[in-house]
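Each remark here refers to the structure printed beneath this line.
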Amino acid sequence: MKKIIYSMVIGAMVLLSGCEDHLDTENLFDKNLSTFYKTPTDIEEAMNGVYNALFVNSPHSNEHLAANLLSDLMLGGGGPDDKSAKDVDKFVDPQEDTYKDLWVETYNGVGRANAVIEAVADGDFTRYFETAEEAEEFKNNTLGEAYFMRGFLMFRAARFFGGMPLIPTTESDRLVPRSSFSETWAFIAADFKTAAETLPKKKANEYTLNTYGHANVWVAKAYIARAYLYYTGYMTNIEKQTADALPLPEGGSISKADVIAHLEEVRDDSGYELASDYRNLWPYSYVNQNAKDYDPEGTHPVLPWAETEGLEWVGQDGPNSTIGTGNSEVMFAMRFGLADWSFGQKFNNRVPLFFGIRDHSMVPFGQGWGWGPVHNVFYGNWPDEDVRKQGSVLDLNSKDPNLGIDSWNIGKGDHNTGLMNKKYTTLQHSGPDGVKGMFYYLFNMVHGDPFQLWAAQDFYYLRFSDVLLMHSELTETADGLNDVRSRAGLEDVAYSLDVLKRERSFEFAFEGVRWFDLVRWGDVETTGNYYGIEAAVNNSGTDATYSVQYRAETKGLVPVPESEVRLSNGVYNQNPGW
């Protein structure tokens, strides 16, 4: 099996490709705004281009990688030359355009979404379908996806940069000042609300395999909740302006009661549910099966721990996945798979590469650059009876042969705690071509340099467990929280915000969620974090201690790319603290 991600390359080529020319009419296939966007095929290709904007070239513009380095649970790591990882970890800007690709791709995607919205809103597609109802469903689904993705791209950027320039149409002035934080989140809220009102309602298992990874009505409703929690939390705890509603651009707002109703509809009607075993969400639960498929006469299992625990991967292609038992927990994902040097590395999930074990090629855990070692004090505070602990952290210090790590030694790399994230890391085993990545064999990756391109693991943006935990947080009740705890083998607890915060730190460790939680709670500025707490580390063979001090003057934001500030001729202002 080999994934083709949203036909992204075709979508990008037939669309408008550059931030600098946004919606110029000529492109490689000689299509323009007057000749394109006419047929369902045109529209599908255009939507591929919108999704293509999720992918960025620069590692530090990668949401998953950047948010983990900024968080308190992971250290900079890497080797002596990996200065940029250490700088980001210390809230120092490594270079003037560290996050430029995130900024640029945001507006590439927004421009493409605007073009789709304008074309489809006025389009008549009845001649392409057997019934008017089918044409209407196509139109609503496309509009809903386009609104959601425009909102999502702005949501992704605004959590890093704060207030953003708003470009709501293809004719809008591109050189407008950054809008206020509230205006930006009102824009995002309106797009999510429109998507939730427009997208057709289906059960999770009714979405076909070829549409998995696209937005749907349940994802839109869940992101209304995420936007509400982030905006009201940021305004209340960072800006010190109490907020209890998510504003809308033309007046009015989305209230807490509205958000709770959305979450309850997702919980009760969507068909999404928790995987029976937390550890089955992650690819290490499949490495034994894949090794057996490709090397039936070889050593099996390659990961005795997973065999002993009876783990079975749910897969990463939704409820109807052809690999694994079917994944009804992941609601929205960034899909990877197509990896080839001709396209660069951005279509390959670089988190397993950058956050993999430094200078050790073991089976089944392969090597990477060693960024993001796990803070040992956090690990020590994680109860051993919680199955998520060993399901999330690879404790190399144990040198456990059941994990295939008995040959590991700590003298490789900096900030090394001997603790690495197990959810997103390189997996490998023997096969016809020797020891190669699990996804190399799973997707028949016979092109390019496999070591740097074989991480085809999807990044989970949203899991159903977050719906349950957000509901508990908003209602201040323990039902959703205890459902999540029960799946982890833990007893019920009474609700408190501190209990909720602790639960989220364990449930979503190393998934790019923690940093934004700390910011919205204001916990970046309090003692409710691991900043300033010394970690015991090894720096390329020398024992030491290491801690990071959060800089409150940054207000939980990263710098706007300096080249964008200069090009704006004074229209853009730089973020505080940078």
Side-chain angles (χ1 to χ4, degrees), residues 67 70 147-148 150-166 168 177-197 220-264 266 462 466-467 469-477 480-481 495-498 500-501 504 508 513-526 528-529 550 552-558 560 573 575-577:
L70 290 167
Y147 274 110
F148 174 82
R150 186 175 71 174
F152 179 80
L153 290 165
M154 293 294 287
F155 169 92
R156 182 179 68 166
R159 289 193 300 171
F160 281 103
F161 298 116
M164 302 289 291
L166 300 182
R178 297 172 65 192
S179 293
S180 70
F181 193 85
S182 293
E183 290 167 339
T184 300
W185 284 89
F187 182 88
I188 293 165
D191 275 359
F192 287 165
K193 181 175 183 289
T194 300
E197 293 169 345
K221 287 174 175 289
Y223 269 91
I224 289 173
R226 277 194 165 179
Y228 175 91
L229 283 167
Y230 190 83
Y231 172 78
T232 56
Y234 189 95
M235 292 299 293
T236 300
N237 298 312
I238 300 296
E239 293 291 355
K240 315 302 182 186
Q241 301 174 26
T242 301
D244 61 1
L246 185 59
L248 293 169
E250 304 301 325
S253 62
I254 298 174
S255 69
K256 179 187 286 190
D258 296 330
V259 175
I260 291 170
H262 283 303
L263 288 175
E264 289 178 349
V266 177
L462 175 69
D466 203 5
V467 171
L469 291 176
M470 287 192 292
H471 185 268
S472 276
E473 186 172 356
L474 287 163
T475 61
E476 299 182 40
T477 60
L481 184 153
Y495 178 84
S496 74
L497 182 57
D498 285 342
L500 184 282
K501 289 178 179 181
R504 288 184 67 88
F508 302 121
V513 173
R514 171 70 173 178
W515 164 247
F516 302 113
D517 277 350
L518 288 176
V519 172
R520 68 182 178 87
W521 290 325
D523 285 354
V524 285
E525 298 178 354
T526 71
N529 58 60
Y550 168 72
E553 62 268 28
T554 65
K555 303 186 77 169
L557 304 175
V558 301
V560 175
N573 57 306
N575 278 333

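By convention here, the first residue in the shown sequence is residue 1.
- Between the OG1 atom of T477 and the NE2 atom of H471 there is a distance of 5.5 Å, given to the nearest 0.5 Å.
- For F516, the ring-ring contact (aromatic ring centres under 6.0 Å, His included) test picks out F160, with sequence neighbours left out.
- Without hydrogens or angle criteria, Y550 side chain to G556 main chain gives a donor-acceptor distance under 3.5 Å.
- In this structure, the separation between OH on Y228 and NE2 on H262 is 12.0 Å, given to the nearest 0.5 Å.
- In terms of heavy-atom proximity, D523 sits nearest to G528 at CB-O, 3.9 Å.
- In terms of modelled atom types and a separation under 3.5 Å, the side chain of S179 and the main chain of P165 share no donor-acceptor contact.
- K256 meets the salt bridge (Lys or Arg N to Asp or Glu O under 4.0 Å) test with no other residue; sequence neighbours excluded.
- Pairing each heavy atom of A196 with each of K221, the nearest pair is CB-CG, 3.9 Å.
- With sequence neighbours excluded, no residue satisfies side chain to side chain contact (heavy atoms under 4.5 Å, CB included) with N237.
- A heavy-atom distance below 4.5 Å is found between the side chains of E525 and I238.
- For the atom pair CD (E473) and CG (L229), the distance works out to 5.0 Å, reported to the nearest 0.5 Å.
- Qualifying side chain to side chain contact (heavy atoms under 4.5 Å, CB included) partners for E197, counting only residues two or more places apart in sequence or in other chains: K193.
- Counting all heavy atoms, side chain and backbone alike, A222 lies closest to L263 at CA-CD2, 4.4 Å.
- Applying the side-chain hydrogen bond (donor to acceptor under 3.5 Å, both in side chains) test to E239 and every residue at least two apart in sequence or in another chain returns K555.
- Note that CD1 of I224 and CZ of F155 are 12.0 Å apart. Values are rounded to the nearest 0.5 Å.
- Of all non-hydrogen atoms in F181 and M235, the two that sit nearest each other are CD2-SD, 3.6 Å.
- When every heavy atom of R514 is checked against every heavy atom of K501, the shortest pair comes out as NH1-O, 4.5 Å.
- Contacts of F161 classified as ring-ring contact (aromatic ring centres under 6.0 Å, His included), with partners at least two apart in sequence or in another chain: W103.
- I260 has its side chain within reach of E264: a pair of non-hydrogen atoms, C-beta onward, lies under 4.5 Å apart.
- Shown here are the side chain to side chain contact (heavy atoms under 4.5 Å, CB included) partners of L557, two or more places apart in sequence or in another chain: Y234, N575.
- Between F148 and F152, the ring planes are parallel. Angles under 30° get that label, and only those over 60° would be called perpendicular.
- Within the structure, side-chain hydrogen bond (donor to acceptor under 3.5 Å, both in side chains) contacts touching residues 150-166 (residues at least two apart or in different chains) are E63-R159, N114-R150, R150-D191.
- Of all non-hydrogen atoms in A157 and M164, the two that sit nearest each other are CB-CE, 3.6 Å.
- For the pair V524 and T554, the minimum side-chain heavy-atom distance is 4.5 Å or more.
- By the side-chain hydrogen bond (donor to acceptor under 3.5 Å, both in side chains) test, R226 pairs with Y223, D466, sequence neighbours left out.
- Legend: residues meeting side-chain hydrogen bond (donor to acceptor under 3.5 Å, both in side chains) with Y231, ordered by chain and number and at least two apart, are S182.
- Residues satisfying the side chain to side chain contact (heavy atoms under 4.5 Å, CB included) criterion with A261, sequence neighbours excluded, are absent altogether.
- Annotation: side chain of R504 is in contact with side chain of W521 (closest heavy-atom distance under 4.5 Å).
- Side-chain contact between Y147 and F192 is absent, with no heavy atoms from C-beta onward closer than 4.5 Å.
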N/O donor to acceptor pairs below 3.5 angstrom from side-chain atoms of residues 243-255, sequence neighbours left out:
{"from": "S255", "atom 1": "OG", "to": "A257", "atom 2": "N", "distance (Å)": "3.4"}
{"from": "S255", "atom 1": "OG", "to": "D258", "atom 2": "N", "distance (Å)": "3.1"}
{"from": "S255", "atom 1": "OG", "to": "D258", "atom 2": "OD2", "distance (Å)": "3.0"}

